[in-house]
Structures are given as structure tokens and as C-alpha cells.
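This report concerns only the one structure given below.
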Amino acid sequence: MSLLIASDADAGRRLHPGWVALGASTVIFHLGLIFYGLTPALISRPLHMALALPWVLIFMATTPWQRISGWLLTGLGIAACGYIALNERALANQYGFIDTQLQMVIGVFLIFLALEAARRAIGWPLPLVALTALAYGALGQYLPGVFGHPGMPMASYVGTLTIAESGLWGSLTGVSVGVVAIFVIFGAVLNAGEAGRGFMNLASAFAGRLTGGAAKVSVISSALMGSISGSASANVASTGAITIPSMVRLGYPRALAGSVEAVASSGGQIMPPLMGAGAFVMVELTGTPYTQIMAAALLPAILYFVTVWVGINAYATRHDLRPMAESDRPSTKEVLITSLFFAVPFVLLLERIFLGGYTPQYAASIAIFAGMALLFFDVTLSFSLRGFFERMAEAAVTAGRQVAVIGAIIICASLVIGVLSLTGLGVKITSGILSLSNDMLWPALLLTALACLILGMEVPTTAAYVICVSVAGPALTALGLEPLLAHLFVFWFALLSTITPPVCGGVFIAAGMVGENWLKVALKAMALGIGLYIIPLAMISNPDIIRLDSNPGGALLDALKIAVGLTGISFGVIARKAWWLRLALIVAGALVIFLI
């Protein structure tokens, strides 16, 4: 994740015309797919990969060798992707079976390229998982017992993964092309303008005067910013640059300042509409409409931030958490003006989805054009043509890079899904989970949660969610859990690693920014973000909470009950009270959530 943050810092310094042009090409290509109409998968998806390659192989290169090899791999990769796109009709008629030596070479190279692109984008863990899956697919017939498989011809194995609408070009990659990329562009356009400042101003005006005001500003601004960035690390780096110094200046303990930002920023990945790309992947995997997923995810996400807010109040009983100084809070006029920069596109987005009845990607495209129009203006509402082009250049580079990184992750994860489908390994793992849990739901949930936590330590949240839900999701649904609830449960636990040692990306970045030992920050973050551990389990015990669209009364009642329980648990864990009172609060909170 450090590579992502480093690249964010570089974006402002490296607005070379070539990168701006490439970013603009990425934006035009993905927006064009929305308005052009249906494009064959074996054309749009390989071109998506081709556009991503220069960003992860050249733009993110840090050594001369990486740059040289990046140029070579990019050239060969674009040629390989171009071959797939140009021969789409002929390849579609081969039904995933390679019939020439050239196609075999191209197929093997594309698999290698997907692994290498993901490695350069996010490091070794995800490529190693994919490589293990590929090895199993190729050699699994030699494994004895139930976990072996009958084997398949290499021409069929490689071909299904590389020249058919599965594997590299499967439905998961289609989500990256058609939906995720559009919302990433939307976020990049808003961030290039004054939307980020609008988030901060609105949060400061609303919470800055309260006890623990600077920390609560971090919570609100991170929730708002996270709703469009969807990245915990990027959120820490952006909002944390303002909120962390503000908290330190007001005398907050450094470990607390860092933990507040890490916990608040982690919530961006569970806050609709973006959810770190998870919402759109969930649409594909569950067949649930996007609007229903937004409704299902909304109350749990709000509960998470309410729990953080309560935790800040609990810490106020231990520390002097002063409000923000009045001089640091924006004027009402500034709040109103800067809020327009995110309110107009957001309102347009939601209106087009819920009232207009359009698809999320089409609605987001309309909102993108509104956001682009706002780039003509600065915070004083002064019109500037030069400012527009500068902001658009920044948006193009940011969008191009972020689309490429997410694309590299999803394309690599698609290899794992392809192997699971080809070999039937997912069904075998599902049977193993059912057997280990003795066909009982709660033991299966705990096994799944542990797997999500372990995989999420080294793999980005969306990829960890996809892999875990592919193998554990069927087991949970077989035990009676509705599919959407199972997916939300897995997605939340895949997020745990952002604040849970030993690998906690959000904590590492916040600790570096505040200059404090990361373990101290992590321990406070775990206490402050305790909702992240409890809310997924609470959703299982109170399933109506995800039915806001069909049963709003029941959903709100469950949310209120969980909020009361979380308040007791948070105060019991954090507040400086007698030990017996703290224990009583924790037990009472758990009883309210899980038994009443």
C-alpha cells in the first residue's frame, strides 16, 4: 500500500503531458463504453488491461531496471492484449481451446503479465496466492484423495484462462471495466477540485465545536471522503494531513490522534456508494441490484462511525480532548460554497439512480460531467480556464493510475476464481468448512472470519473478499445464511487487517504521519474501531438491519438495538472507570446485541 501513497505524492510532480494524455485516454475509453453501447468482452477487457500496464509497470517504477523492463513488458503486453481484441470473433468460436503455438505463447505470457502487474502494484502476496492456484490447476491431478482433480489438457487450461470470457477476461474483470473504473474516475474528478475541502469544512462546522471536536471532524470527513475514495490508505494520507496535525496541536496524545485517523479512514471501504469497489463486485457475485446493496450496507456503515464517535467520547473521560479553536473553523459562507463542489455531483448521482432509474455507471457518468464543469471554479467561485486544465490534468493522472492499480488487482484475482471454477476446488473447500464446523453456522462463521483476517493481512480488501467469499460463501449459504448477508459478513472481516496487527496498512501510515510507535497506535485503533469486529456478527444475529429497502422499521429497530449495545461495549473497553463497571457494560452491551 505504500506504493499507492508514494504514487499519490508523485502525481502532482509528474504531470508529464504523456501521462496526462494516457490518463485522458483511460477516462475517455471507460466513459465511451458507457455511451457507445455493448462492446464484446474480449475487446473491452483486454483493452482495459492494455491501458493499465504503463501505469503499474512504468509510472510506478522506482529503479532503472524496473523502468527498462516495464517498457519491454508494456510493449509486449499491449501487443498480446491487442491480439485478443483484434481476433475476438475467431477466439470466441474456439470456446477456450488453444489451437496454435502462438496462442499458447500469448496465453502463458498474459498469465505471467497479470501476476507481474499485480506484484508491482501491491507486492507479492496476491500473485503468490494466484500462482499457488495456477499450480494446483496444472498439477492437482497428482494429488491423492479428495483434493485432487481429474486434470485437463494444457491447451484447454491455458485457453480457458486467457482466450475465453473467463479467467483473465471473466465477469470480475468486466466489473472493473464497466463499473469500478467509472466510480474511480468520479472520485478523481471530485478530489481534483474543491470537494475534499468541502468535506473538511462541513465536518469542521458540524463537529469542530464539540468535545473531541478535532477527532470527530476526522470521523466525519473520513466517512465523506471514503465514500468516494474507497481506499483506507489514500484516505489516511489525504484527510490525515489536515486532521492529525490539528489533533496534535490541541494536545491529543499522538497514539490517539493516529488511531482516530486510521480507524475513521478504514470506514471508507464500507461506506456506500463506492465501498472500495466491493459494492460492484458484490453486484456481480450475488446478482443483487446495486441500489439494494447500498441500502443493505448503509446502516452497518453508519453504526461503525457512531461507534468510533462514542469511543472518542469515552477517551474524553481519560484525556482533555478540546474542541477546535474557533479560528480554525470555517465560516458559514465558506462551508456553503465548498459543499457545493461535492453536493451537486452527489445529488445528481443519487437522483439519477433512485429517481431516474438509470444504472449506477450511467448515473456516475452524468455526475462526472457535472464534476468536470465545477473544475472551472475555485473555492472563491472564480472562473479560470487555466485552472480547469490543471485540475483536469491532475484528475486524469489520478484516475489513470487508480484504475490501473484496481484493474491489476482484479485481473490477478480473476485467475484464482478461474482456477476454482475449472477444478472444483471451491466446492471441496466448502465441504471442508462444513465438515470442520460440524454443519453449525457460528463455528463456520468463525472459521471464515479467521480466513478473511489472515488473507486480508497481505491482500487488498476487495481481493481478499473475492477469494474468501468464493470458497466460504457457499458454505455459509448452505447453512442457511442469505447470500447478501454472507457476502457482507466476509467483506467486513476482510477489512479487519487495516487496523489489526501484525499487518495494518492504515495504522502504519497514520503512525508515520504522527511520529508514534505503530503498535501503540494499533492498540488504540482496535479499541476505537471495535465496531469493525462486532458489527458483522451483529448483522448475523439481527439480519433485518440489511433490509432497509424492504423492512425499514425492522432495520432501524435493529440498528438502534445494536447502537445501544455498541455504546456499552465501547465505553466498557475505553472509559476510565472501575473494572467491574467496565465489565458490566461490556456484558450488558453483548446481551443487548446478541440475545435481546
Ignoring hydrogens and geometry, is there a side-chain-to-backbone donor-acceptor pair from N191 to A395 under 3.5 Å?
-> no
NZ (K561) with more than 12 external heavy atoms under 6.0 Å | yes
Working for side chain to side chain contact (heavy atoms under 4.5 Å, CB included), residues S382 and F376 | CA-CA 8 Å; S382 300; F376 281 105; over 6 Å; no
Would you indicate whether F594, at its atom CZ, is surrounded by more than 12 heavy atoms from other residues, nucleotides or ligands within a distance under 6.0 Å?
-> yes
Does the side chain to side chain contact (heavy atoms under 4.5 Å, CB included) test come out yes or no for V180 and V184, once each step is laid out?
-> CA-CA 6 Å; V180 175; V184 169; 4.0 Å; yes
Side-chain contact test, heavy atoms from C-beta onward, threshold under 4.5 Å: evaluate it for P300 versus L488 and give yes or no.
-> no
So do the side chains of F199 and T338 get within less than 4.5 Å of each other, counting heavy atoms only?
-> no
Value rounded to 0.5 Å, distance of CG in L303 from CG in L298 | 9.5 Å
Between S339 (side chain) and L336 (backbone), is there a donor-acceptor pair under 3.5 Å?
-> no
Does K524 use its side chain to pair, donor to acceptor, with the backbone of V260 at less than 3.5 Å?
-> no
Is any side-chain heavy atom of M271 closer than 4.5 Å to a side-chain heavy atom of F305?
-> yes
Does the side chain of V397 reach to within under 4.5 Å of the side chain of H16, using non-hydrogen atoms?
-> no
Which heavy-atom pair separates I535 from L566 by the least distance, and what is that distance?
-> CG1-CD1, 3.7 Å
For V236, the option from I509, T498, T243, V263 that meets side-chain contact (heavy atoms from CB on, under 4.5 Å) | I509
Interatomic distance, L190 atom CG to I368 atom CD1 [nearest 0.5 angstrom] | 9.0 Å
Non-hydrogen side-chain atoms of Q292 and L484 separated by less than 4.5 Å = yes
Main-chain N/O of H319 paired with R576 side-chain donor or acceptor, under 3.5 Å | no
N/O donor-acceptor pair under 3.5 Å between R254 side chain and E516 backbone | no
Could you tell me which non-hydrogen atom of A301 sits nearest to which non-hydrogen atom of P272, and how far apart they are?
-> CB-CD, 4.2 Å
CD of Q269 to OG1 of T462, rounded to nearest 0.5 Å, is 6.5 Å
Output the distance between atom CE (M539) and atom CD1 (I562), rounded to the nearest 0.5 Å.
-> 8.5 Å
Between T398 and E394: side-chain donor-acceptor atoms closer than 3.5 Å | no
E261 vs M513, side chain to side chain contact (heavy atoms under 4.5 Å, CB included): CA-CA, chis, key distance, verdict | CA-CA 10 Å; E261 184 56 46; M513 295 177 72; over 6 Å; no
Any donor-acceptor N/O pair, S265 side chain to A262 backbone, under 3.5 Å | no
Report yes or no: does R318 contribute a side-chain atom to a donor-acceptor pair with the main-chain N or O of A314 at less than 3.5 Å?
-> no
Gap between atom CD of E390 and atom CG of L375 - 0.5 Å precision | 11.5 Å
Minimum heavy-atom separation for A214 to Y252, with atom names?
-> N-OH, 3.5 Å
Does the N542 side chain pair with the main chain of I545, one donor and one acceptor, at a distance under 3.5 Å?
-> no
Donor-acceptor under 3.5 Å (E351 side chain, V347 main chain) | no
Do M60 and W55 touch side chain to side chain, with heavy atoms closer than 4.5 Å?
-> no
Rounding to 0.5 Å, atoms CG (L299) and CG (L556) come to a distance of 6.0 Å
If you look at every heavy atom in P245 and G240, which pair is closest and at what distance?
-> CD-O, 3.3 Å
Aromatic rings W492 and Y304: how do their planes relate, parallel, tilted or perpendicular, breaks at 30° and 60°?
-> perpendicular
Do D549 and T291 have side chains that get closer than 4.5 Å, going by heavy atoms?
-> no
Stepwise, does the side chain to side chain contact (heavy atoms under 4.5 Å, CB included) test hold for V179 with V283?
-> CA-CA 10 Å; V179 186; V283 169; over 6 Å; no
Correct closest heavy-atom pair for V573 and A527 would be CG1-CB, 3.9 Å
May I ask you to check whether over 12 heavy atoms, not counting those of W124, lie within 6.0 Å of atom CH2?
-> no
Smallest heavy-atom separation, A207 atom then W309 atom, equals CB-CH2, 3.9 Å
Indicate yes or no for a side-chain donor-acceptor contact from D544 to the backbone of R547 under 3.5 Å, with no hydrogens or angles considered.
-> no
Below 4.5 Å, heavy atoms only, C-beta onward: do L532 and I499 meet side chain to side chain?
-> yes
